[in-house]
Every structure is written in C-alpha cells, then in structure tokens.
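Here the structure comes first, spelled out in structure tokens, and everything after it is commentary.
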Amino acid sequence: MAKFPMGEILVVDEVQRCVAEEDQMVCLNRHAQCDWGDIDPAIKELNEKALSEGGQALYSAYNTSTGVKLYIITTPDRDKTMLMVQPVEDQWSITRD
C-alpha cells in the first residue's frame, strides 16, 4: 500500500519502449513506499518535507536492470504520477530557504 496518494499513473512512450514493465512496477512500488532511490540527498529532504507539509511534488530516480535511469514524479496535489527516462530539469532544481 502506498504511503501517499499517487493519483493517475502516466507512463511516457519512451519508458514503455526501453524499461521492462517489471522494472517499472518495482520502481513505482519503491516510490510509493518513500524509497526515493538514487537522487540528491537535498531532494530526498524536500520529499520528506512535502509529505508532512504538502504543496510540493515528490521526486525519485532508480537505475533499472537494463541500466536505464527511471525518474518518477508525483504532482503536488497528488493527482498524477509520471514515469519518464529524462527528468524535467527545472523541476529537479533545489532551492533552500
């Protein structure tokens, strides 16, 4: 069971072409369990803050069995979760207060 709502799961075509469905499910389950994978510790910290305070997206990244890096983003309102192989760079930038 997910530790937060993930909403609609969206998988971009490139993920469907180059990441096995089993890898997609393993990574999605890790994301749902708040195992953020191979991302910057500052993003992990922001994810934890977003879980308690809301208002921010949740980000994770995982190396798949074929060596492709899979990125997962859940929107701030938790109505969509997207799997992609290329991160949206401006969404992954870190700012600290």
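Just so it is clear, the values below take in all heavy atoms, side chains as well, and ignore hydrogens, waters and symmetry mates. All figures in this text were calculated on a predicted structure; none of them were measured in a lab.
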Minimal heavy-atom distance between Arg30 and Gly37, with the atoms involved, is NH2-CA, 3.7 Å

Main chain of Met84, side chain of Glu14: is a donor-acceptor contact present, judged purely on distance under 3.5 Å?
no

Could you check whether any side-chain N or O of Thr64 sits under 3.5 Å from a backbone N or O of Val68, counting only pairs where one atom can act as donor and the other as acceptor?
yes

So for atom CE, which belongs to Met82, do other residues, nucleotides or ligands contribute more than 12 heavy atoms lying within a distance under 6.0 Å?
no

Any donor-acceptor N/O pair, Lys44 side chain to Asp35 backbone, under 3.5 Å
no

Quick check on the hydrophobic clustering: are Met6 and Ile43 connected, directly or via other members, by side-chain heavy-atom contacts under 4.5 Å?
yes

Under a single-linkage definition using a 4.5 Å side-chain heavy-atom cutoff for Ile, Leu, Val, Met, Phe, Trp and Tyr, are Ile72 and Val26 assigned to the same hydrophobic cluster?
no

Nearest heavy-atom pair of Asn47 and Ala57: which atoms, and what distance?
OD1-O, 3.9 Å

Using every non-hydrogen atom in the two residues, find where Glu48 and Cys34 come nearest and quote the distance to one decimal.
OE2-O, 4.3 Å

After noting the C-alpha distance and the side-chain angles of Thr74 and Lys80, does the key distance pass the side-chain contact (heavy atoms from CB on, under 4.5 Å) rule?
CA-CA 6 Å; Thr74 299; Lys80 291 181 183 67; over 6 Å; no

Nearest heavy-atom neighbours spanning Tyr59 and Ile39
O-CD1, 3.3 Å

What distance do Leu70 atom CG and Ser60 atom OG have between them, rounded to the nearest 0.5 Å?
7.5 Å

Which is it for Glu8 and Asp79 under the side-chain contact (heavy atoms from CB on, under 4.5 Å) test, yes or no, and what are the steps along the way?
CA-CA 6 Å; Glu8 180 182 8; Asp79 71 338; over 6 Å; no

Heavy-atom check, side chain of Cys18 versus side chain of Val85, under 4.5 Å
yes

Is there a side-chain contact (heavy atoms from CB on, under 4.5 Å) between Leu83 and Tyr71? Walk through the geometry before answering.
CA-CA 6 Å; Leu83 285 72; Tyr71 297 89; over 6 Å; no

Nearest heavy atoms of Asp38 and Lys69, plus distance in Å
O-NZ, 3.3 Å

Take His31 and Thr81 through the side-chain hydrogen bond (donor to acceptor under 3.5 Å, both in side chains) test and state the conclusion after the steps.
CA-CA 10 Å; His31 180 79; Thr81 295; 4.9 Å; no

Using the side-chain contact (heavy atoms from CB on, under 4.5 Å) rule, take Ile9 and Leu28 through it: C-alpha gap first, then chi angles, then the decisive distance, then the call.
CA-CA 9 Å; Ile9 306 299; Leu28 193 58; 4.0 Å; yes

Any side-chain heavy atom of Thr66 within less than 4.5 Å of one from Val19?
no

To check you understand the geometry: which heavy-atom pair defines the closest contact between Asp23 and Ser65, and what is its length?
OD2-OG, 2.7 Å

